Q: 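One structure, as structure tokens, below. Some questions next.
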Amino acid sequence: MTDAELLRYITTCDPDEAEALFAEARKVRARYYGNAVYFRGLIEFTNYCKNDCFYCGIRASNKHVERYRLSVEQILQCCTVGNMLGYKTFVLQGGEDPFFTDERIVEIVTAVRRNYPNHAITLSIGEKEWSSYELFFEAGANRYLLRHETADEAHYAALHPASMSLTHRKQCLFTLKEIGYQVGAGFMVGTPFQTPETLLEDLRFLEELKPAMVGIGPFIPAAGTPFSKEARGSLEQTLRMIALSRILLPKALIPATTALGTISSHGRERGLMAGANVVMPNLSPKTVRKLYSLYDNKICTGDEAAECRLCMEGRIRTFGFVPDMRRGDAAV
Ligand code: SAM
Ligand code: FES
């Protein structure tokens, strides 16, 4: 698609035009994945973070956050529950927590890998050095989620403190790919200072990187952050960005995110109808879920892992999709 065509879909307010886009995205998705929706078990193992991203509820200077870390035993307990519920992918996500040194991450990945030799292990723990990513990979991690957040330099600088750089984040993504990870990039829709042009840059960056996974969700304001009073991202525009990503990267694994479910009661289902093919129900212990508050009013924080698993299955089937508990690597 040309820039002009993409910009039209990024900005359109015409429901028929949007629906045609979603229909095309569904067609492309069905070509590689049919009606299957892959399940990933998400374990949010620390809400400590040394970074201070302006949008993020668990940023270092948000003093209102009660901080927690899961022990290796607790993480393994989440995996035990997840495995019993049929999950074949564990996603270990957290803030950039200095307590979790390379040695500790390697210890965790090694333990999970020992217990589950055939599961996929996904890490989402931010920007690291090449050598660290390599150690985690050798210990058994297969996938890595690191949203680029925005592919525009000036926009990146408006969302992050000067200590963080888009160049380094992009470099991390290319490094991860080179090491052999299945890599996930992505961005929020509706962050302050975002424009149709920066969203276009996001799509062009995805085309360049060709990630196996693309995470897109609406920006939702979080209490205790500089953006707490900003408007949230729009459901419709987020759906259109999912659909465009599906069309540009037909084989990508694209989650219908919790943030999408937070801004609309059927947001995740609509994400699937716009071309997404993954859901990531929570496996974190119920006691800590509310504390991993990246944004306000996050859903599913009061549920047990088994409830989330069943709830998502029901929701998916209602919309004609089929839950798929296999490991679900990207189509080749
Ligand atoms: N520390 C890791 C990293 O930086 O990639 C993983 C954790 S980070 C909290 C996961 C993602 O949450 C970010 O990539 C960002 O896109 C999303 N996020 C953070 N704050 C958000 C907000 N206010 N609304 C929606 N998504 C948000
Ligand atoms: Fe958690 Fe619905 S996905 S309760």
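Residue numbers run from 1 in the order of the sequence given. Note that ligands are numbered from 1 as they come in the structure, with each ligand's atoms numbered from 1 the same way. Note that the structure is a prediction, hence the values are computed from the model and not measured. All values below were derived from every heavy atom in this structure, side-chain atoms included, with hydrogens, water molecules and symmetry-related copies excluded.
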Q: List the closest protein heavy-atom neighbour of atom 25 (C) of ligand 1: residue, atom name, distance to the nearest 0.1 Å.
A: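 Answer, as residue, atom name and distance: Pro218 O, 3.3 Å.
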Q: For Cys56, take its heavy atoms, then give the atoms of ligand 1 lying under 4.0 Å from any of them.
A: 9 (C), 19 (C), 20 (N)
Q: Please report which non-hydrogen protein atom sits nearest to atom 26 (N) of ligand 1, along with the residue it belongs to and the distance in Å to one decimal place.
A: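 The protein heavy atom lying closest is Met188 SD, 3.4 Å.
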Q: Taking only heavy atoms of Arg169, which atoms of ligand 1 are found under 4.0 Å from at least one of them?
A: 3 (C), 4 (O), 5 (O)
Q: For atom 11 (C) of ligand 1, state which one of Thr46, Thr225, Leu294 supplies the nearest heavy atom.
A: Leu294
Q: Would you check if the side chain of Arg169 reaches a backbone N or O of Thr150 as a donor-acceptor pair within less than 3.5 Å?
A: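 Side chain of Arg169 to backbone of Thr150: no pair is present.
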Q: Side chains of Thr12 and Asp14: do they bring a donor and an acceptor to under 3.5 Å?
A: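 Result is no, nothing qualifies.
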Q: Of all the heavy-atom pairs spanning Leu203 and Ser245, show the shortest one and how long it is.
A: CD2-OG, 3.7 Å
Q: Counting distance only, does the side-chain N/O of Tyr116 pair as donor-acceptor with the main-chain N or O of Phe90 below 3.5 Å?
A: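 Between the backbone of Phe90 and the side chain of Tyr116 there is no qualifying donor-acceptor contact (under 3.5 Å).
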Q: Please state which protein non-hydrogen atom is closest to atom 17 (C) of ligand 1 and give its distance, to 0.1 Å?
A: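 Result: Arg147 NH1, 3.9 Å.
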Q: Specify the protein heavy atom at minimum distance from atom 14 (O) of ligand 1: its residue, its atom name, and the distance to 0.1 Å.
A: Glu149 OE2, 2.5 Å
Q: Counting heavy atoms only, which of Gly94, Gly95, Gly217 is nearest atom 2 (C) of ligand 1?
A: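 Residue with the shortest heavy-atom distance to the ligand atom: Gly94.
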Q: Within the 4.5 Å heavy-atom criterion, are Val189 and Gln194 side-chain neighbours or not?
A: yes
Q: Can you find a protein heavy atom under 4.0 Å from atom 8 (S) of ligand 1?
A: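 Within 4.0 Å of atom 8 (S) of ligand 1, no protein heavy atoms are found.
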Q: Test your reading of the model: is there a side-chain donor-acceptor pair from Arg67 to the backbone of Ile58, 3.5 Å cut-off?
A: yes
Q: For atom 20 (N) of ligand 1, what's the nearest protein heavy-atom neighbour? Residue, atom name and distance, please.
A: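 Answer for atom 20 (N) of ligand 1: Tyr55 CD1, 3.4 Å.
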Q: Give the numbers and elements of all ligand 1 atoms closer than 4.0 Å to a heavy atom of Ser124.
A: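 In order of number, 2 (C), 6 (C).
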Q: What closest approach, in Å, do Leu173 and Val183 show between heavy atoms, and which atom pair accounts for it?
A: CD2-CG1, 3.4 Å
Q: What are the atoms of ligand 1, with element, lying closer than 4.0 Å to any heavy atom of Tyr292?
A: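 Atoms satisfying the 4.0 Å criterion: 7 (C).
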Q: Dump the intermediate steps for side-chain hydrogen bond (donor to acceptor under 3.5 Å, both in side chains) on Asp97 and Thr46, then the final yes or no.
A: CA-CA 7 Å; Asp97 180 354; Thr46 172; 2.7 Å; yes
Q: Hey, what's the ring geometry for Phe227 with Phe54, parallel, tilted or perpendicular (30° and 60° as the breaks)?
A: perpendicular
Q: Please work out whether any backbone atom (N, CA, C, O) or any side-chain heavy atom from C-beta onward of Tyr144 is under 4.0 Å from ligand 1, and answer side chain, backbone, both or neither.
A: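 Tyr144 to ligand 1: no contact under 4.0 Å from either part.
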Q: Using distance alone, decide if ligand 1 has a nitrogen or oxygen within less than 3.5 Å of any nitrogen or oxygen in Gln93.
A: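 In fact, backbone or side chain, Gln93 has no N or O that close.
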Q: Indicate yes or no: does Arg204 engage Glu207 in a salt bridge with an N to O separation below 4.0 Å.
A: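 Salt bridge: yes.
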Q: For atom 23 (N) of ligand 1, what's the nearest protein heavy atom and its distance?
A: Ile220 O, 2.7 Å
